[in-house]
Amino acid sequence: RAKAEGKGRWALFEAERGARQVTRHTLSTMLPRALEQDQFVVEYQPIIALGDGAGARMAAGAMVGVEALVRWRHPGLGLLPPDLFIGMAEETGQIVPLGRRVLELACRQARQWQECHPHALFVSVNLAARQTREAGLVEQVRRILDETGLSPDLLQLELTESAFMGTADEPLRVLRGLAEMGVRIAIDDFGTGYSNLAYLRRLPVHTLKLAGPFVEGFHSARDADPGDEEIVQTLVTLAHTLRLTVTAEGVETPMQAERLRAAACDSAQGFLFAPPLTAEEITQRILTRSAGSDRTSSSPTQAA
Ligand code: C2E
Ligand code: MG
Ligand code: MG
Ligand code: MG
């Protein structure tokens, strides 16, 4: 019986694998139409400041920015996560129009939040390496900022280290052009690639996003690999020496947040604070929070 079950499972596995392959190909042919029909939506994950005293406010969410994360709302297949289509879109070059679309949506949304948030919220948008090899990227970003009216310093662009590898100097020119405009650059998933710190000095980078694996080691006091804490502390110190800020990703437990704060990490995002949320949900959080702080500032006697 076990054998039959095993066989059945294998057949299922094969079918699934087949479906995935078909889907991959099908998705790639469906993507242009999906762009035309506005099937891409952006969710936003809060980025929380970890500064002194943030502890008490953390649950309420001292949100300083959001990361824009694309989803494909497919009419038949439902909400598809980026891992299903970003890689494929990079291979086919479709990432270029898709990336532009995400940038437009995120900047337009951030501009709206700029109007209702007392301390303007930055939006951090992921860029594929392929996009930085497009000479027109700087102009594209400039045009989107002009059209939406978003301040350049409220836009951050996230790139993985692979975008800077190799010998091409187009990415470097593009990065400099973006930085000159006042847009901030972040290195995404720092610590999963080469993590070559030397090149950071030559690049107009503003933020390091510390990848999950480092943060995971901070899970509990007992399990912690003693090396992790020192590595994170060293990275944060080095980043600060280079005048970079550090955002930790994938923070899931209070212990991780506590240790990151102890290491002077500037900000964090993760399920502990909030999953990626819809634009409406972020707006709701902004309104609730600013209503809260209005109350505090308009009745100072109550606190005394
Ligand atoms: P990323 O940029 O490193 O984004 C962080 C991912 O971690 C997101 O997955 C997010 O939902 C997830 N995450 C957030 N908090 C936690 C946590 O506490 N624990 C864990 N385990 N995961 C957490 P998502 O949304 O599925 O995106 C996956 C990747 O797809 C992103 O990784 C990014 O590389 C790529 N991506 C997303 N949107 C875009 C886009 O518009 N353009 C490009 N080029 N890539 C994108
Ligand atoms: Mg990212
Ligand atoms: Mg990341
Ligand atoms: Mg990633």
Side-chain angles (χ1 to χ4, degrees), residues 31 34-35 39-48 58 61 63 65-73 78-110 122-134 137 140-141 144 155-163 171 184-193 195 205-219 246-257 260 265 267-279 281-282:
L31 203 137
L35 276 169
Q39 290 173 9
F40 292 96
V41 293
V42 181
E43 290 190 329
Y44 300 89
Q45 185 173 38
I47 298 173
I48 307 297
M58 216 142 63
M63 185 166 49
V66 292
E67 177 173 4
L69 295 157
V70 69
R71 281 89 179 82
W72 182 347
R73 186 176 285 144
L79 204 63
L80 305 177
D83 290 338
L84 278 185
F85 58 88
I86 289 289
M88 170 273 283
E90 270 204 77
E91 282 165 31
T92 60
Q94 289 165 324
I95 193 69
V96 174
L98 173 57
R100 188 192 310 136
R101 183 80 191 121
V102 172
L103 207 52
E104 278 166 3
L105 289 170
C107 288
R108 196 184 305 152
Q109 187 57 63
F122 70 85
V123 68
S124 196
V125 180
N126 293 281
L127 283 195
R130 172 85 182 239
Q131 289 174 272
T132 60
R133 278 184 246 119
E134 300 283 319
L137 182 71
Q140 187 187 108
V141 170
I144 292 174
L155 176 63
Q156 174 169 282
L157 298 173
E158 300 191 7
L159 295 135
T160 55
E161 290 164 275
S162 60
R184 300 192 304 185
I185 308 292
I187 312 265
D188 201 358
D189 302 339
F190 189 80
T192 58
S195 306
V205 170
H206 183 275
T207 302
L208 290 188
K209 296 198 72 172
L210 212 55
F214 285 120
V215 177
E216 267 163 37
F218 275 20
H219 198 64
V246 183
T247 303
E249 300 183 282
V251 178
E252 296 181 356
T253 69
M255 174 69 83
Q256 288 170 336
L260 287 162
C265 182
S267 54
Q269 64 188 94
F271 299 149
L272 172 66
F273 309 109
L277 301 169
T278 64
E281 286 169 321
I282 296 285

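Since this is a predicted model, take the numbers as computed values, not measurements. In listed order, ligands and their atoms are each counted from 1. Hydrogens, waters and symmetry mates play no part in the numbers below; they use all other heavy atoms, side chains included.
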*Asks:* W72 vs F85 aromatic rings, parallel, tilted or perpendicular, using cut-offs 30° and 60°?
*Replies:*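 If you compare the ring of W72 with that of F85, the planes turn out perpendicular.
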
*Asks:* If the cut-off is 4.0 Å to any non-hydrogen atom of E249, which atoms of ligand 1 fall inside it?
*Replies:*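 Answer for ligand 1: 3 (O).
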
*Asks:* Could you tell me whether a side-chain N or O of E281 sits under 3.5 Å from a main-chain N or O of T278, the two making a donor and an acceptor?
*Replies:* yes

*Asks:* Any idea which of V102, D83, N126, V42 brings a heavy atom closest to atom 29 (C) of ligand 1?
*Replies:*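 That would be D83.
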
*Asks:* Atoms of ligand 1 less than 4.0 Å from V251 heavy atoms?
*Replies:*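 Per the distance check, 18 (O).
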
*Asks:* Can you measure from OG1 (T132) to CG (L157) and round to the nearest 0.5 angstrom?
*Replies:*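 That separation rounds to 10.5 Å.
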
*Asks:* Report yes if some heavy atom in the side chain of V41 is under 4.5 Å from a heavy atom in the side chain of L79; otherwise report no.
*Replies:*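 Yes - at least one pair of side-chain heavy atoms lies under 4.5 Å apart.
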
*Asks:* Numbering the atoms of ligand 1 from 1, which are under 4.0 Å from a heavy atom of V70?
*Replies:* 38 (N), 39 (C), 40 (C), 41 (O)

*Asks:* Is there a side-chain contact between F122 and L155, using heavy atoms and a 4.5 Å cut-off?
*Replies:*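 Counting from C-beta outward, F122 and L155 never come under 4.5 Å.
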
*Asks:* If the contact criterion is a heavy-atom separation under 4.0 Å, does E43 count as touching ligand 1?
*Replies:*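 Flag not set, E43 not near ligand 1.
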
*Asks:* Under the 3.5 angstrom rule, does the side chain of Q45 hit a backbone N or O of A274 as a donor-acceptor pair?
*Replies:*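 Yes.
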
*Asks:* Can you name the N, O or S atom of D188 that is closest to the Mg ion (ligand 3)?
*Replies:* OD1

*Asks:* Do I187 and T160 touch side chain to side chain, with heavy atoms closer than 4.5 Å?
*Replies:*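 I187 does not reach T160 side chain to side chain.
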
*Asks:* Any donor and acceptor pair, going by atom type alone, linking the side chain of Q131 with main-chain N or O of A128 inside 3.5 Å?
*Replies:*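 Judged by distance alone, yes, a pair lies under 3.5 Å.
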
*Asks:* With heavy atoms of E252 as the reference, note each atom of ligand 1 found under 4.0 Å away.
*Replies:* 17 (C), 18 (O), 19 (N), 20 (C), 21 (N)

*Asks:* If you have a sec, read the angle at the Mg ion (ligand 2) from E158 atom OE1 over to N126 atom OD1, to 10 degrees.
*Replies:*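 Value returned, to the nearest 10°, is 90°.
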
*Asks:* Is the contact between Q269 and ligand 1 made by the side chain, the backbone, both, or neither, using heavy atoms and a 4.0 Å cut-off?
*Replies:*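 For Q269, no heavy atom sits under 4.0 Å from ligand 1.
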
*Asks:* For a quick test of reading the model, state the closest non-hydrogen atom pair linking V141 to L103 and the distance between them.
*Replies:* CG2-CD2, 3.7 Å

*Asks:* Does E67 reach ligand 1, in the sense of a heavy atom lying below 4.0 Å from it?
*Replies:* yes

*Asks:* Any atoms of ligand 1 less than 4.0 Å from a non-hydrogen atom of P276? List them with their elements.
*Replies:*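 So the answer, numbered in order with elements, is 11 (O).
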
*Asks:* Identify whether the distance between the nearest side-chain nitrogen and carboxylate oxygen of E91 and R130 falls below 4.0 Å.
*Replies:*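 Answer for the salt bridge query: no.
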
*Asks:* Which one holds for T160 and ligand 1: side chain close, backbone close, both close, or neither close, with close meaning a heavy atom under 4.0 Å?
*Replies:* neither

*Asks:* Is it true that some N/O/S atom of D189, main chain or side chain, lies under 2.8 Å from the Mg ion (ligand 2)?
*Replies:*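 Looking at D189, which is the residue asked about, there is no N, O or S atom under 2.8 Å from the Mg ion (ligand 2).
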
*Asks:* Verify whether one side chain among S124 and E67 offers a donor that lies under 3.5 Å from an acceptor in the other.
*Replies:* no

*Asks:* If you count the atoms of ligand 1 from 1 in the order shown, which ones are under 4.0 Å from a heavy atom of F271?
*Replies:*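 Going through ligand 1 atom by atom, the ones under 4.0 Å from F271 are 13 (N), 14 (C), 15 (N), 16 (C), 17 (C), 18 (O), 19 (N), 20 (C), 22 (N), 23 (C).
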
*Asks:* Would you name the N/O/S atom of E249 that lies closest to the Mg ion (ligand 3)?
*Replies:*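 So the atom name we want here is OE2.
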
*Asks:* Under 3.5 Å, is there a donor on one side chain and an acceptor on the other for T247 and Q269?
*Replies:* no

*Asks:* Please name the atom of E67, limited to N, O or S, that comes nearest to the Mg ion (ligand 2).
*Replies:* OE2

*Asks:* Atoms of ligand 1 less than 4.0 Å from A128 heavy atoms?
*Replies:*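 Under 4.0 Å from A128, ligand 1 has these atoms: 44 (N).
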
*Asks:* Heavy-atom contacts under 4.0 Å between I86 and ligand 1: side chain, backbone, both, or neither?
*Replies:*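 For I86, only side-chain atoms sit under 4.0 Å from ligand 1.
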
*Asks:* Below 4.0 Å, non-hydrogen atoms only: which portion of Q45 touches ligand 1? Side chain, backbone, both or neither.
*Replies:*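 Under 4.0 Å from ligand 1, Q45 contributes side-chain atoms alone.
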
*Asks:* Check contact between G99 and ligand 1, using heavy atoms of the residue and a distance below 4.0 angstrom.
*Replies:* no

